[in-house]
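Take a look at the structure below.
Here, residue 1 is the first one in the sequence, and each next residue gets the next number. Note: hydrogens, waters and symmetry copies are ignored here, and every other heavy atom, side chains too, is used.
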Amino acid sequence: MDIVEIVAGSFQLRPCQTVDTEWVCRACQDPGIQRWTRVPSPYRSNDAFAYVTDFVPRSWESGRAAPFGVFDAVSGEGLGTVGLVSMDLADGLAEIGYWVAPWARGRGVATAGTLAVARWAFGTLGVARLAWMAEVGNHGSRAVAERAGFTVEGTLRDRVRRRDGSRADAWIGSLLPTDLKN
C-alpha cells in the first residue's frame, strides 16, 4: 500500500519515522497510554525505535494496518497517533485506534485525526465500515469516537485481554461513510 500524508486543519498525519523515536518514547511513559493501549509497559527507547523503524513500515508494506503519527502542522511537534490498526480491504472492513500525548490533550488531536483517517479510508481505500473498540471504562476513547460520529453499538463480553492476563469487556462502535458530516 502506498504511504500517504494527510493534512487535517492544524494537524498533519504521516507515518512515524526514526526522527520521531524520542517523542513517541516520551509520550508512551504516560500511565493512561500504558493502561488503555497495548504499548509495552514499561516503555523503553528501544520499544519506540522498533515501533518507528519496524512496526510502522511493516504495517504499511503488508497492507494490514496504516499507522499515522499526528503532528502540529506548523511546528512539526509530535502529538499522538491514529491509524487503522487492522484492515480487511477485500471485505471493506477496518478498525481505528488512537492515543494522544499528555502535552497535546484537549486540542482535538484524536478527533481530527480520526475523522481524517476515516475520510481517507472511505474515499481512497473503499472501506465500507470502520470499527472502534475500547475497554469499558476508557471514557476518553469513547468520547473521541462519539465526537467523530461513531455509533456505540454495545458491549463485547471478555473481549480485551489485560496485561495481567485477565479479561475485560469492551465497547464496540462503528462509523459508516454516510455517518460522516462534510
Side-chain angles (χ1 to χ4, degrees), residues 1-8 11-21 23-25 27-28 33-34 36-41 43-44 46-71 78-101 109-135 138 141-142 144-145 148-151 153 156 158-163 167-168 170-177 179-180:
M1 181 169 56
D2 291 334
I3 292 175
V4 300
E5 293 188 12
I6 303 170
V7 176
F11 307 116
Q12 178 189 20
L13 284 71
R14 64 160 173 79
C16 288
Q17 304 164 355
T18 305
V19 68
D20 301 311
T21 302
W23 78 262
V24 169
C25 185
C28 289
I33 291 174
Q34 290 189 19
W36 298 113
T37 72
R38 295 180 184 219
V39 301
S41 180
Y43 197 88
R44 298 185 171 93
N46 62 325
D47 296 313
F49 185 75
Y51 174 75
V52 301
T53 62
D54 182 44
F55 177 80
V56 170
R58 197 168 19 94
S59 294
W60 282 91
E61 289 167 11
S62 72
R64 286 186 232 151
F68 292 91
V70 183
F71 301 86
L79 306 173
T81 66
V82 64
L84 302 179
V85 297
S86 66
M87 300 187 303
D88 178 353
L89 297 181
D91 213 17
L93 303 174
E95 180 183 342
I96 199 157
Y98 40 80
W99 57 255
V100 176
V109 172
T111 303
T114 295
L115 286 167
V117 170
R119 286 185 177 98
W120 171 72
F122 293 142
T124 302
L125 301 180
V127 168
R129 182 182 195 278
L130 189 56
W132 158 84
M133 186 172 50
E135 183 178 335
N138 189 345
S141 182
R142 182 174 176 150
V144 167
F150 281 77
T151 298
E153 298 170 324
L156 303 174
D158 281 351
R159 175 59 178 85
V160 178
R161 182 181 300 276
R162 293 182 174 142
R163 289 185 205 289
R167 298 199 71 85
W171 289 315
I172 185 76
S174 68
L175 185 71
L176 306 178
D179 297 332
L180 284 181

For this session: Return yes if some donor-acceptor pair links the side-chain N/O of Arg163 with the main-chain N/O of Gln34 below 3.5 Å, else return no.
Result: yes

For this session: Test Phe68 against every option in Trp60, Phe11, Trp99 by the ring-ring contact (aromatic ring centres under 6.0 Å, His included) rule and name the one that passes.
Result: Trp60

Seminar exercise, completed: Separation between OG1 (Thr53) and CD (Gln17), nearest 0.5 Å, reads 12.0 Å

Exercise. To the nearest 0.5 Å, how far apart are CG in Leu93 and CG in Leu84?
Worked result: 11.5 Å

For this session: Scan side-chain atoms only and decide if Trp132 and Ser141 contain a donor-acceptor pair under the 3.5 Å cut-off.
Result: yes

Exercise. Taking atom CZ of Phe122 and atom CZ of Arg129, what is their separation to the nearest 0.5 Å?
Worked result: 10.0 Å

For this session: Evaluate the side-chain proximity of Cys28 to Asp47: yes if any heavy-atom separation is below 4.5 Å, no if none is.
Result: no

Problem set entry | Distance, nearest 0.5 Å, that separates CG of Asp2 from OG1 of Thr124 | 10.5 Å

Exercise. Are the ring centres of Trp23 and Phe71 closer than 6.0 Å?
Worked result: yes

For this session: Drop me the distance from Met87's CE to Arg64's CZ, to the nearest 0.5 angstrom.
Result: 10.0 Å

Exercise. Once you round to the nearest 0.5 Å, how far does CG of Asp179 lie from CG of Leu130?
Worked result: 10.0 Å

Problem set entry | Main-chain N/O of Ser59 paired with Ser62 side-chain donor or acceptor, under 3.5 Å | yes

Problem set entry | Test item: Ile33 and Tyr43 side chains (from C-beta on) under 4.5 Å apart, heavy atoms | no

